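Values in this document were obtained by computation on a predicted structure and should not be read as measured data.
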Amino acid sequence: MDTIVLDADRRIHGPYTLGAALLGRLVPEALRHRPDLVAAHDIEIRAAAPALGVPARRRTLADSLPRAQRILIPGARRTLRIANGLAEFVRDHLQRTGPLTVTADNLDEADPTDTELVEVLRRRLDPGLLRIVPGRAAPRTGPPRADFDRFRDEGFHHAMAEAGLEALRGTTYAAAPERRRLLVQRVAAALEAIEREDEARALYDRARRDSTDPKHRATVAYGTAMILVRHHDHARRDPEEALAWINEAVALTSLLPDRRERAFHLGFDLNGKALVEVRRGRMDAALALVEEAVELAERDLPGEHPIHRLVLYANRAQLLAQAGRVEEALADYAAAIGADPGYPDYYLDRGGLLHRLGRHADALADFEAAIRLSPPFPEAYYDRAEVRYATGDLDGALADLGRTLELDPGFVPAYANRSGLLAAAGDHDGARRDAERGLALAPRDPHLRCVLGQVEAAAGRRAEATAAFDLALELDPDLVAAWASRGALAFDAGDLDAALGDLTRALKLDESAELLFNRALVHRAAGRAHEARQDLLRAVELAPDDPDVARALAGG
């Protein structure tokens, strides 16, 4: 086994100091012998090791625009996609060249991108193929070298926060106003992304004390509003206070004298206010605000800020879909995707809508486009699993859920869905394992509690199943599956009144042929033939091809 020694200290090159050094050893040889492998991971390699100059195979609209127009900042989870893609590149390369041991000096001083990469490499690669062992600890002194543009464009939020806070200590509005304003904006956004909202709010509060620049104060007001509606601790969200701040931003940007500058900044703030109105439950007001922002962009920004426009189209599509205006929503998604067909995220949003409409082939195509265009994307496999299950492909759905959890073992909904599929397939041991793994991460997840109840019921443990369903409904009183499952459990135990109550509650939340059929069985067992027939007649309207419903009706 070959051995190499690399230095992980983030003060050398910042994010992916270790990753870039490892790729520097592997990529040149891969380019000679497996250029297709490098091309398959171009995004990940270019993000971690830009100095290698790997050509871009997958491109987005942002790649061709000035930096000022690249308004989409990657979320905090993008680095997990990059790490998984790099792990797959390293695995496939070493399977051809042979095993490798990496001695990583200063591993404790690594940037979080490298810490995450090492965790993924250790988890996903056989130690017989790749071993990463700590080396000596002799950290360098001084702050990292800071490439703020790269940090922003790639979503390296920890590096932006660390280096940006250090830079802010030596920068004032009086000495360098533009630099200070830009740093405040970027560093606060990074702090919010890594769930350090209190520090972001402190930066904004300090900016309000130090600056009277109207445009900067509008940006700060917008940022404060977004913290208040997107805070990772939902208990600390405050849409009403957010409304006050976003109104200040709108008031200031409405006064900007330049028509084009006003259209962009005001449109941005109106879009933010729409999110505030969503949090306040005022969906019509939110839609009106986004439509106003779209009108501003189309009237006053012809040929400019295409990413701004496609974001507005996608946001309007979400609101239109929620309003039941699905054809208009699909048209807006088509406009957003058509403007930037290389950007993967909106394929997921449109695919979800298509899935809900029963257009499974189209939904599948969108989810597969997201998979093709992005580094390994847990959410895309999770969504594709739902479509595969809906079309009867149980094995494909299980494989996609397994892939989701391979990429992200902390993806709790995937445990819930896989547990449910395994339970339905009769694999109660596997279902219980997944439910317990998910509950270890999220003990109060109602879906996992519900699935655990279904497993307990299948094992004949009625008391445990009832307790699980009760807790699931305490956590989420609108969880249809828990009402239906608890009703079925009561029916099996001969408690017809309890079964009727639970199934009726489930039907109020989601009328379906299956639930109507089950309630008809309860009515029939209780001697209420007329009520049973009424449920079956409604069930056949919803599912005219269901053979069980047809047989039940034919039997009287």
Side-chain angles (χ1 to χ4, degrees), residues 356 358 386 389-390 392 394 416-432 434-435 439 444-556:
R356 291 193 296 276
E386 292 198 336
Y389 176 69
L394 178 62
N417 283 12
R418 191 170 70 175
S419 180
L421 294 187
L422 292 171
D427 184 357
H428 300 301
D429 290 340
R432 182 185 298 278
D434 270 354
L439 287 168
R444 295 180 62 79
D445 184 279
H447 298 279
L448 286 165
R449 289 291 170 190
C450 181
V451 172
L452 186 60
Q454 293 167 348
V455 172
E456 299 287 18
R461 295 156 56 92
R462 184 170 182 271
E464 290 83 354
T466 301
F469 294 137
D470 288 348
L471 180 54
L473 290 169
E474 178 186 326
L475 296 168
D476 183 358
D478 293 335
L479 187 55
V480 173
W483 288 112
S485 297
R486 195 174 73 172
L489 190 66
F491 178 68
D492 291 340
D495 189 345
L496 300 183
D497 288 340
L500 182 63
D502 281 354
L503 289 169
T504 299
R505 180 63 182 270
L507 279 162
K508 287 180 179 177
L509 294 166
D510 180 23
E511 188 183 39
S512 71
E514 181 182 2
L515 288 173
L516 287 161
F517 176 82
N518 289 345
R519 191 172 70 173
L521 296 180
V522 178
H523 281 311
R524 185 171 287 176
R528 293 187 287 267
H530 175 73
E531 289 86 346
R533 182 169 178 77
Q534 293 303 115
D535 275 353
L536 291 171
L537 287 171
R538 177 57 180 152
V540 82
E541 290 178 9
L542 297 174
D545 299 325
D546 189 309
D548 293 330
V549 174
R551 278 193 297 269
L553 269 173

What do the steps show when you test Leu496 against Arg528 for side-chain contact (heavy atoms from CB on, under 4.5 Å), and what is the final call? CA-CA 12 Å; Leu496 300 183; Arg528 293 187 287 267; 5.6 Å; no
Hey, mind stepping through Leu542 and Val549 against side-chain contact (heavy atoms from CB on, under 4.5 Å) and telling me if it holds? CA-CA 10 Å; Leu542 297 174; Val549 174; over 6 Å; no
So Arg505 and Leu473, side-chain contact (heavy atoms from CB on, under 4.5 Å) or not? Walk me through it. CA-CA 12 Å; Arg505 180 63 182 270; Leu473 290 169; over 6 Å; no
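Atom CG in Leu503 sits 9.5 Å away from atom CZ in Phe491 (nearest 0.5 Å). Atoms CG and NE2, on Leu516 and His523 in that order, are 9.0 Å from each other to the nearest 0.5 Å. Put simply, CG on Asp476 and CG on Asp445 are 9.5 Å apart, with the number rounded to the nearest 0.5 Å. Expressed to the nearest 0.5 Å, how far CG of Asn417 lies from CG of Leu448 amounts to 9.0 Å. To the nearest 0.5 angstrom, Glu511 atom CD is 4.0 Å from Arg538 atom CZ.
Residues Asp427 and Gly430 come closest through the heavy atom pair OD1-N, 2.9 Å. Taking each heavy atom of Ala431 and Val455 in turn, the nearest pair found is CB-CG2, 3.6 Å. Nearest heavy-atom pair, Ala416 versus His447, reported as atom, atom and distance to 0.1 Å: CB-CB, 4.2 Å. Considering all non-hydrogen atoms of both residues, Asp434 and Ser419 come closest at CB-CB, 3.7 Å. Across all their heavy atoms, Asp535 and Ala520 have their closest contact at OD2-N, 3.8 Å. Between Leu475 and Arg444, the shortest heavy-atom distance links the atoms CD2-NH2, 3.0 Å.
Remark: the backbone N or O of Phe469 is not paired with any side-chain donor or acceptor of Trp483 at under 3.5 angstrom.
Crowding of Glu531 atom CD: a count of heavy atoms from other residues, nucleotides or ligands under 6.0 Å exceeding 12.
One finds no salt bridge joining Arg449 and Glu474 here, because no Lys/Arg side-chain nitrogen approaches an Asp/Glu carboxylate oxygen to under 4.0 Å.
For Glu456, the salt bridge (charged side-chain N to carboxylate O under 4.0 Å, His left out) criterion is met by Arg432, Arg461, not counting sequence neighbours.
Among pairs with a residue in residues 493-502, those fulfilling salt bridge (Lys or Arg N to Asp or Glu O under 4.0 Å) read Arg486-Asp502, at least two apart in sequence or across chains.
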